[in-house]
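Take a look at the following structure, please.
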Amino acid sequence: MDSQVTIPEKHGNEATRVHKAALFFKKLKRQKILQLMALSGMVWLIIFHYIPIYGIIIAFKEYNIVQSISSAPWVGLYHFKEFFEDDSLGYVIKNTFGMSLLKLLIGFPMPILFALLLNELRSVRFKKAVQTISYLPHFLSWVILGGILTTWLADVGIINKVLLALGFIHEPISYLAEPSYFWTIIVSSDIWKELGWSAIIYLAAITGVSPELYEAATIDGAGRFQKMYYITLPMIKGTITILFILAVSGILNSNFDQIFVLKNQLNEVASNVIDTYVYQIGISQGRYSYATAVGLVKSVIAFILLLTANSITKRLNNTSLF
């Protein structure tokens, strides 16, 4: 009677695990440069993003700089209650959502349209010149651009001079002193600064579209705008969706640098947003626990918006972050 040697299942699984581990370490060795680059990024993320998470607990304590976080007394939800009962909360929320929604509705489609039109330029030299000019404002800080805008929008600034010369206005207007103009200034200056830079990722996505699709459309008699609408836009739909989800999740981020440079006492009713409110009430007055509580509320709302936008886009066009 022939006898058969049977390898126990336990030993077989162990051998498989050893083999997989050996393959994994061989792959790491081959990619050691890439892994070191990724590791440095992970270390930075852990040090500056994950370790500081411990500090969130000061939102539930009465913390000051002469105490350690652990020794500060617990106050529970006191700072959250104080925030929601603040008289200025109404216009702070209104300004934050108002400017952010305008940036989303007007500022988000603009780079897409700019990338589509830029892609249609046939002159390579002119295309590069337009790209370079549109990118330049992105590399200037809001401190510099804020100074430029303050000069332009002053009573004796170039904008008043041009409008007076054209007859659109009869007397100079101090635009930064009028709350009614502030949202328009913020949205338009943000588009001016970031239009070219934001279009880069869409241009990169457009270069991935197969030329054969355009050739087939040309044979069928499609014009440039028809190609843009029926080929280019559908092919970059995934990129647009992902960036839209990220834009919605960051709707409470009102660009602190921009607003802080352009705001003043005269336009505070229209310029005070959550970020500047936290700076004024929390940081300037040393109320770190209160500032942390407001920031935590903001983060929770942003997370909810992210999940909502992700769920909606997944149902509409089957594209999502996760």
Side-chain angles (χ1 to χ4, degrees), residues 48-49 52-53 55-67 69 72-73 75-104 107 141-151 153-154 174-190 193-194 249-305:
F48 293 101
H49 287 77
I53 288 177
I56 288 177
I57 65 173
I58 70 173
F60 306 95
K61 292 188 169 192
E62 191 60 53
Y63 171 77
N64 58 67
I65 58 174
V66 299
Q67 295 175 300
I69 294 177
V75 294
L77 299 177
Y78 173 78
H79 297 297
F80 297 93
K81 182 181 178 181
E82 188 180 10
F83 171 61
F84 287 113
E85 292 178 350
D86 194 322
D87 294 335
S88 59
L89 178 63
Y91 76 84
V92 167
I93 295 295
K94 175 187 173 183
N95 293 336
T96 303
F97 276 99
M99 281 185 275
S100 297
L101 285 174
L102 284 176
K103 286 182 180 180
L104 185 66
S141 70
W142 274 114
V143 176
I144 297 173
L145 290 180
I148 294 173
L149 287 172
T150 301
T151 303
L153 297 170
S174 183
Y175 292 99
L176 288 177
E178 296 290 338
S180 57
Y181 293 111
F182 190 79
W183 288 13
T184 303
I185 294 170
I186 289 297
V187 174
S188 57
S189 61
D190 185 73
K193 185 177 188 296
E194 301 296 340
S249 67
I251 202 169
L252 294 181
N253 295 324
S254 306
N255 197 340
F256 173 81
D257 295 345
Q258 178 191 21
I259 295 177
F260 187 75
V261 168
L262 296 176
K263 76 186 293 293
N264 54 55
Q265 293 294 328
L266 298 175
N267 61 32
E268 188 172 2
V269 176
S271 63
N272 203 13
V273 294
I274 292 179
D275 290 339
T276 56
Y277 173 81
V278 170
Y279 175 78
Q280 291 173 356
I281 305 298
I283 306 301
S284 297
Q285 299 180 14
R287 300 175 63 188
Y288 304 113
S289 294
Y290 184 79
T292 304
V294 178
L296 185 56
V297 171
K298 177 182 170 183
S299 298
V300 170
I301 295 175
F303 182 66
I304 294 172
L305 289 173

Task: Check: Ala177 main-chain N/O paired with Asn264 side-chain donor or acceptor under 3.5 Å - done: no
Open item on the list: Testing the basics here: between Tyr63 and Ser289, what is the closest heavy-atom pair and its distance to 0.1 Å?
Closed with: N-OG, 2.9 Å
Open item on the list: For a 4.5 angstrom cut-off between non-hydrogen side-chain atoms, does Met99 reach Asn255?
Closed with: no
Open item on the list: What's the separation between atom OH in Tyr279 and atom CZ in Phe260, rounded to the nearest 0.5 Å?
Closed with: 4.0 Å
Task: Contact list for residues 292-302, test side-chain hydrogen bond (donor to acceptor under 3.5 Å, both in side chains), sequence neighbours left out - done: Asn253-Lys298, Asp275-Lys298
Task: Centroid separation Phe80 to Phe60 less than 6.0 Å - done: yes
Task: Separation between CZ of Phe97 and CG of Leu102, rounded to the nearest 0.5 Å - done: 13.0 Å
TODO: Could you check if a side-chain atom of Gln280 sits within less than 4.5 angstrom of a side-chain atom of Glu268, using non-hydrogen atoms only?
DONE: yes
Task: Closest approach of Gly282 to Ala291 (non-hydrogen atoms, all atoms of both residues) - done: CA-CB, 3.7 Å
TODO: Sort and list the pairs that fulfil salt bridge (Lys or Arg N to Asp or Glu O under 4.0 Å) and have at least one residue in residues 82-100, not counting sequence neighbours.
DONE: Glu82-Arg287
Task: OH-OH distance between Tyr277 and Tyr91, expressed to the nearest 0.5 angstrom - done: 8.5 Å
Task: Residue from Val278, Leu252, Asn95, Ile186 passing side chain to side chain contact (heavy atoms under 4.5 Å, CB included) with Val273 - done: Asn95
Task: Validation row: Asp257, Val261 side chains within 4.5 angstrom (heavy atoms) - done: no
Task: Closest contact, heavy atoms only, Leu262 versus Leu176 - done: O-CD2, 3.9 Å
Open item on the list: For Ala302, is there any backbone N or O sitting under 3.5 Å from a side-chain donor or acceptor partner on Ser249?
Closed with: no
TODO: For the pair Trp183 (side chain) and Ala270 (backbone), establish whether a donor and an acceptor sit closer than 3.5 Å, ignoring hydrogens and angles.
DONE: yes
- [ ] Flag the pair Glu62 / Gln67 as yes when at least one side-chain heavy-atom distance between them is below 4.5 Å, and no otherwise.
- [x] no
Open item on the list: Taking the side chain as everything from C-beta on, heavy atoms only, tell me whether Asp190 gets closer than 4.5 Å to Lys193.
Closed with: no
- [ ] Measure from the side-chain N and O atoms of Ser284 to the backbone N and O of Ile281, and report whether any donor-acceptor pair falls under 3.5 Å.
- [x] no
Open item on the list: What's the separation between atom CD1 in Ile274 and atom OG1 in Thr96, rounded to the nearest 0.5 Å?
Closed with: 4.0 Å
TODO: Hey, could you give me the OH/OG distance between Tyr181 and Ser174, rounded to the nearest 0.5 Å?
DONE: 10.5 Å
- [ ] Evaluate the side-chain proximity of Asn64 to Tyr288: yes if any heavy-atom separation is below 4.5 Å, no if none is.
- [x] no
Open item on the list: So Lys61 and Pro73, do their side chains get closer than 4.5 Å, heavy atoms only?
Closed with: no
TODO: May I ask you to decide if Lys263's main-chain N or O and Ser271's side chain share a donor-acceptor pair within less than 3.5 Å?
DONE: no
Task: Sidechain-backbone polar pair: Asn267 side chain, Phe182 backbone, donor-acceptor under 3.5 Å - done: no
Open item on the list: Angle between ring planes, Tyr290 versus Phe83, binned at 30° and 60°: parallel, tilted or perpendicular?
Closed with: perpendicular
